Amino acid sequence: MNNSAQSDPERFFRTDTVRADIKGRTIRGGLVTALAQDVKQGLALVTVIILSRLLTPEDTGLFAMILVIIGFNNLISDLGLSVATIQRPDINQAQASALFWLNALLGLGLSILTALSAPLVAWFYGEARLTEPTLVIAITFLIAALSVQHRALLRRQMRFTPLAAIEIVSGVVSAIVGIVGALLGWSYWALVWMQFIIAPIQLIGSWMTCPWKPDPPRPAQGVGAMVSFGMNLTGFRIVNYISRNLDNVLLGFFYGAVQLGLYTRAYSLLVLPLGRINEPLASVAIPALSRLAGEPEQ
């Protein structure tokens, strides 16, 4: 690539080469994503087995109480703007920059809100030990928000190989941190740091593989429609998330950390095969079908 092409920020948004080989990219992307999913699930299974031997059900249950908050906040911090970027037929530097700063602002707000609510979380579950882990996890929402648009741009151009590499590397490092921490006697803190390390690794990996730089914050034409799309998608995700995680909240509230820990370990093993099908399919289908939105015959 010549210097003029490298200095052109619009290269991160073009999809003409994607449409020219949409079938090949879809097939290759599906294979790469499925392979990465196999590696991640195999790693997750081994990690769950090892940590189940090293940690107590109470340790797992304490972290599961925080995990519900993590999942919910991740839905809000994205606000569906990553899918809006992928789905949009055309997007420019100004629009992508505006979305980046919106995600950053949401991530910062969620980090502050989660930190302030840490004592409330501990009070709700009747576990004073939850306060400090919640404060640590709160930092990850801002870090994760800074990589949302970079990863969305990679998916928009169907660059699944670097995305798979980022997922695998972050998963391997996270597993190592969790297992080493458990061996060192960190108890539930091993799970906290295991979760924490994912966000900075994915941030670094995303910025390295997609070296796009946002402009300073300013309004951009067309962003309102993208935000509206993202909010509608987020509304559905919130309802779906509550329906799938309300059991964890109620178990933790009424029965405590030990019972919740046993339940979440069993449930995580149950849903592993579902992720084998759903995640690769959604990851590849959304950008592929988005590129064909103007070609109904395809």
Side-chain angles (χ1 to χ4, degrees), residues 48 51-52 54-80 101-148 170 174 177-178 180-182 184-203 231 234-235 237-268:
V48 167
L51 291 179
S52 295
L54 297 175
L55 300 176
T56 66
E58 184 178 24
D59 293 330
T60 305
L62 286 169
F63 180 69
M65 294 173 178
I66 306 174
L67 196 59
V68 174
I69 301 170
I70 294 172
F72 184 80
N73 282 359
N74 283 340
L75 293 179
I76 305 299
S77 63
D78 178 85
L79 201 63
W101 292 112
L102 276 174
N103 279 129
L105 183 61
L106 286 167
L108 176 60
L110 282 174
S111 291
I112 295 173
L113 183 62
T114 304
L116 292 175
S117 64
L120 181 61
V121 172
W123 169 82
F124 178 80
Y125 286 111
E127 278 288 352
R129 290 174 292 179
L130 292 178
T131 302
E132 292 183 357
T134 304
L135 291 172
V136 171
I137 290 298
I139 304 172
T140 64
F141 300 130
L142 174 59
I143 300 174
L146 298 177
S147 67
V148 168
S170 62
S174 172
V177 169
V180 171
L184 293 176
W186 293 357
S187 65
Y188 59 90
W189 277 102
L191 298 173
V192 174
W193 291 114
M194 178 180 172
Q195 178 68 32
F196 179 90
I197 199 66
I198 294 174
I201 292 176
Q202 292 189 347
L203 174 63
M231 291 182 68
T234 300
R237 286 177 172 177
I238 290 174
V239 173
N240 184 55
Y241 185 81
I242 292 174
S243 68
R244 294 181 60 183
N245 289 273
L246 186 59
D247 51 348
N248 290 332
V249 176
L250 295 176
L251 277 171
F253 180 78
F254 287 108
Y255 296 102
V258 176
Q259 287 76 7
L260 179 58
L262 292 170
Y263 177 79
T264 54
R265 279 295 181 231
Y267 186 80
S268 65

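The shown structure was predicted, so the numbers you read here are calculated from the model rather than taken from an experiment.
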For a 4.5 angstrom cut-off between non-hydrogen side-chain atoms, does F124 reach M65?
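Of all side-chain heavy-atom pairs linking M65 with F124, none is under 4.5 Å.
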Quick one: are L130 and I66 in side-chain contact, heavy atoms under 4.5 Å?
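Touching, per the 4.5 Å side-chain cut-off.
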Gap between atom [atom2] of [Y] and atom [atom1] of [X] - 0.5 Å precision:
{"X": "F63", "Y": "M194", "atom1": "CZ", "atom2": "CE", "result": "8.0 Å"}
{"X": "L79", "Y": "M231", "atom1": "CG", "atom2": "CE", "result": "6.0 Å"}
{"X": "I201", "Y": "F196", "atom1": "CD1", "atom2": "CZ", "result": "10.5 Å"}

What pair of heavy atoms forms the shortest contact from A190 to G178, and how long is it?
CB-O, 3.6 Å
Between S174 and I197 the two heavy atoms that sit nearest each other are CA-CG2, 3.6 Å
Assess the residue pair I70 and I137 against the criterion (side-chain contact (heavy atoms from CB on, under 4.5 Å)); give the C-alpha distance rounded to whole Å, side-chain angles, the decisive distance to 0.1 Å, and a yes or no.
CA-CA 8 Å; I70 294 172; I137 290 298; 3.4 Å; yes
Take L55 and Y188 through the side-chain contact (heavy atoms from CB on, under 4.5 Å) test and state the conclusion after the steps.
CA-CA 8 Å; L55 300 176; Y188 59 90; over 6 Å; no
List for me each residue that meets side chain to side chain donor-acceptor pair (under 3.5 Å) alongside S170, sequence neighbours excluded, and say none if there are none.
Q202
Residue set satisfying side chain to side chain donor-acceptor pair (under 3.5 Å) with T56, at least two apart, ordered chain then number -> D59
Under the rule for side-chain contact (heavy atoms from CB on, under 4.5 Å), what residues qualify as partners of [X], not counting sequence neighbours?
{"X": "W189", "value": "E132, P133, V136, W186, V192, W193"}
{"X": "A199", "value": "T140, I143, A144"}
{"X": "L102", "value": "L81, L99, V223, V227"}

Does A145 offer a backbone N or O that forms a donor-acceptor pair with the side chain of N103 under 3.5 Å?
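Answer holds: no.
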Any donor-acceptor pair under 3.5 Å linking the side chain of T234 with the backbone of G80?
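Side chain of T234 to backbone of G80: a pair is present.
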When the side chains of residues 110-121 are checked against the rest of the protein, which donor-acceptor pairs come out under 3.5 Å, sequence neighbours left out?
from	atom 1	to	atom 2	distance (Å)
S111	OG	G107	O	3.0
S111	OG	A138	O	2.7
S111	OG	L142	N	3.1
T114	OG1	N73	ND2	2.7
T114	OG1	L110	O	2.7
S117	OG	L113	O	3.1
S117	OG	T114	O	3.0

